[in-house]
Amino acid sequence: MVRGRGGGGGRTIRKRWMASKKGLKLLLALLTTVTLTSFAPALAPFPVLSSSRHYLSSGNDRGFWIADDMFWKDGQPFQIIGGDVHYFRVLPEYWEDRLLRAKALGLNTIQTYVPWNLHEPAPQKWVFEGIADIESFLKLAQELGFLVMLRAGPYICAEWDFGGFPAWLLAIEPALKLRSSDPEFLQLVERWWAVLLPKMAPLLYENGGPIIMVQVENEFGSYGDDKKYLHHLVTLARRHLGNDIVLYTTDGGSKDTLENGTILGEGVFSAVDFSTGDNPWPIFKLQKKYNAPGKSPALSSEFYTGWLTHWGEQIAETDANLTAAALQKILSRNGSAVLYMAHGGTNFEFFSGANTGQNESDYKADLTSYDYDAPIKESGDVDNPKFKALRRVIETYRSVALPPVPSNNKRASYGLVEVSKIASFFEVLDTICSPMEVVEAEHPIAMELVGQMFGFVLYVTEYPQKETSSILSIPKVHDRAQVFISCSVDDNGSPIYVGVIERWSNKALAMPKINCSSNIGLFVLVENLGRVNYGPYMYDRKGILSPVILDDVVLHQWKTYPISFQRFINHSKDNPIKQAANSRINKILIQNSLKDHSSRFTFSPKESISEEPGFYKGHFYVDPRNQVRDTFISFSGWSKGIAFVNNFNIGRFWPLFGPQCTLYVPAPILQHGENVVVILELHAPNPDLTIELVENPDFTCGPKHHQK
């Protein structure tokens, strides 16, 4: 339309001036002015993306750019057939294995997020070693023949704790406005990117590395519309990476999300994502409206091969053939796609995230497993229908022969392992929380404000003895509180389990009448199940975030205990039972017999006694004559907790809620000879006091209505 109006105006003027050379010169000058003026409104918001080169070359012109609605690599049109593989969800010893499987799938590009919280766990404490060694991961990807699309954040979502933000951001007062142009927030982003991006600059494609594109933010159009924030991120990225790198955004394929998330006027490429099975081409047509003319190659930067699963749900699965057919619709018309996920991996330690629904109490925590029903399974398996179906489609559109498909890694069933209780939680409180770290305050304090970023925090106070039973409520607890009571020191009480208050149900708790000679001790153990990683409720502090109310009376004078399990594991190498006997909490809460407990309560505490959190330890042996192999620990018959293998936190288990029954144990954390498993069980262990090391994962635990 614009081109037509400009051309027509030129022809009218040309007739008027045809008679003279002077007129011709004026005509040419005026034509230039009219043409540029006609195009200016259309082009003003869309500066040229990276380079304007779009010619065919002999291959000596190294570079990656966008032109003619295509990606160009070294002067040749290029179709991205990529997949997400997150270095932080795979042990470094397995990076090459998983990347080779992605190569056998037919991928030519690897996409990965960069989680800020992994690399800066405390202010200006920088970590780029081990599983956080992103530079080694990217160099390995290049050695194996991949290009890289880097999703630098600072927000990543990813079903990762707090969307990749460091939890210590929540300890800053006054509160930061996340994902915004808040100057205090941007100052911290600038400091982070000033460390990260200079490490990435030598790895850009133009500098001989594998990185062809860098994503700014992530699905911001689904969150807000602070364009000042987005433009500032672009300025920072260009400052550290230069003007030639292709920057991109990813947003849902709707008008509203693209309006909010696209960064106009900066030459940033706008990519889309959408539900697998949706007709992609109307969405790609819409995508063009948010990119400069000729600068909108069709790209689904998150082509979903599966989906996430929360605790308490059925395991998410998608049909292999339907997924492959949806991919073919994109690739068959020269569209590009990045499989999310190619390989999911595992949310080791406490890094799994969470989602919310209509309000922040509608809370759903993610599983430890991030298998995602991806074509490359959590343990690396590729002998499955989805891998085969996707590979058949991809192979059609690759110009080179695909490498042979590797066989599945063999796994081992190390069998039943007997465990024994080595200490109750309360017996070792001095070990898992130094007395110097206990914080006293009038009201409960959020976990982050006492320096505890993950795991658990214990709150302790007292209240006067009641003549009748009472009602306890905690209006705002994040995320799950176990409540215990005891008589105080002079009455030699010991902690008795009362019940649970959960964020998603938040029911008040009936407190039993207990016969004590003085005040009653109240113990509230709160578990952080993962910070919200998506949506409007991301400012997700953990712990007790409201007054604690007993019979309409607010309780005061609290002690807050940040819990460190690593300290306990290190101490347990010696004699944890002896340590427990010397613990201060054991002196305060002297163990009494079941008969004594019964005499104190108005109901039988038999069930409550078995609900005390405790530490359990077991050993299993790997024959030096055999290869150390992956395995899974089955927690069938257990309740809820966390597990460590050879001091490595393999994650949360919760078979009572399901669907995940097993935790993945990669071979690199095992060793020949003796291996040690330490378990914190929050409720009741398997009555047989056994775990089983099995070959295959199991996602069939939980109430029957969670199962298929």
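Keep in mind that this is a model prediction, so the values were computed, not measured.
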Q: Assign the ring pair W638 / F653 to parallel, tilted or perpendicular, where the plane angle (0 to 90°) is split at 30° and 60°.
A: perpendicular
**Q.** side-chain hydrogen bond (donor to acceptor under 3.5 Å, both in side chains) between H478 and D540, worked out
**A.** CA-CA 8 Å; H478 289 191; D540 188 22; 3.0 Å; yes
Show every salt bridge (Lys or Arg N to Asp or Glu O under 4.0 Å) that has at least one partner inside [range], sequence neighbours left out.
range	value
residues 170-183	E173-R541, R179-E217
residues 88-107	D97-R101
residues 340-364	E360-K476, D362-K364
residues 658-669	none

Q) Hey, mind stepping through Y664 and D630 against side-chain contact (heavy atoms from CB on, under 4.5 Å) and telling me if it holds? A) CA-CA 8 Å; Y664 175 50; D630 292 355; 2.7 Å; yes
Q) Between Y537 and N359, is a side-chain hydrogen bond (donor to acceptor under 3.5 Å, both in side chains) present by the stated rule, with each step listed? A) CA-CA 8 Å; Y537 304 110; N359 55 65; over 6 Å; no
Taking the six-membered ring for Trp and the full ring for Phe, Tyr or His, determine whether the centres of [X] and [Y] are under 6.0 Å apart.
X	Y	result
F137	W95	yes
F220	Y229	yes
W192	H119	yes

Do [X] and [Y] have side chains that get closer than 4.5 Å, going by heavy atoms?
X	Y	value
I156	R151	no
L150	I134	yes
D133	P92	no
I432	F456	no
Q660	F635	no
I110	M149	no
L339	L107	yes
D381	N409	no

Q: Please say whether the positively charged group of R531, taken as NZ for Lys or CZ for Arg, lies over the ring of F454, i.e. under 6.0 angstrom from the six-membered ring centre and within 45 degrees of the axis.
A: yes
Flag, side chain of [X] to backbone of [Y], donor-acceptor distance under 3.5 Å:
X	Y	answer
Q111	V148	no
Y155	N533	yes
Q482	L682	yes
Q287	S270	yes
S505	I501	no
W193	A152	yes
Q452	I563	yes
E681	H683	yes
S369	D371	yes
T109	G82	no

Partner residues of [X] under the ring-ring contact (aromatic ring centres under 6.0 Å, His included) criterion, sequence neighbours left out:
X	value
F162	F165
H86	F88, Y113, Y340
W307	Y304

Tell me the closest heavy-atom pair linking [X] and [Y], and the distance in Å.
X	Y	result
T368	I650	CG2-O, 3.5 Å
T112	Y87	OG1-CD2, 3.4 Å
G312	P659	N-CD, 4.1 Å
N355	D366	ND2-OD1, 3.8 Å
Y372	L308	CE1-N, 3.5 Å
P613	L525	CG-CD2, 4.3 Å

Can you list the residues that meet the salt bridge (Lys or Arg N to Asp or Glu O under 4.0 Å) rule with [X], with sequence neighbours excluded?
X	result
D251	none
E120	R191
E259	K255
D479	R503, K542

So, taking the atom named [atom1] in [X] and the one named [atom2] in [Y], what distance separates them when rounded to the nearest 0.5 Å?
X	Y	atom1	atom2	answer
N649	I669	CG	CD1	9.5 Å
M200	L138	CE	CG	5.5 Å
F657	R480	CZ	CZ	9.0 Å
W116	L196	CH2	CG	11.0 Å
F699	L367	CZ	CG	7.0 Å
F387	I376	CZ	CD1	6.0 Å

Q: Examine the side chains of T318 and K386 and answer whether a donor and an acceptor come within less than 3.5 Å of each other.
A: yes
Q: Say whether S352 and R652, considering side chains only, have a donor N or O and an acceptor N or O under 3.5 Å apart.
A: yes
Q. What residues form a side chain to side chain contact (heavy atoms under 4.5 Å, CB included) with D698, not counting sequence neighbours?
A. C661, T662, T700
(Q) Using the rule given for side-chain hydrogen bond (donor to acceptor under 3.5 Å, both in side chains), can you reason through H343 versus E378, listing the C-alpha separation, both sets of side-chain angles and the distance that settles it, and then say yes or no? (A) CA-CA 7 Å; H343 169 61; E378 182 177 15; over 6 Å; no
Q.
E437 vs Y561, test: side-chain hydrogen bond (donor to acceptor under 3.5 Å, both in side chains). Steps then yes/no.
A. CA-CA 7 Å; E437 296 175 348; Y561 295 75; over 6 Å; no
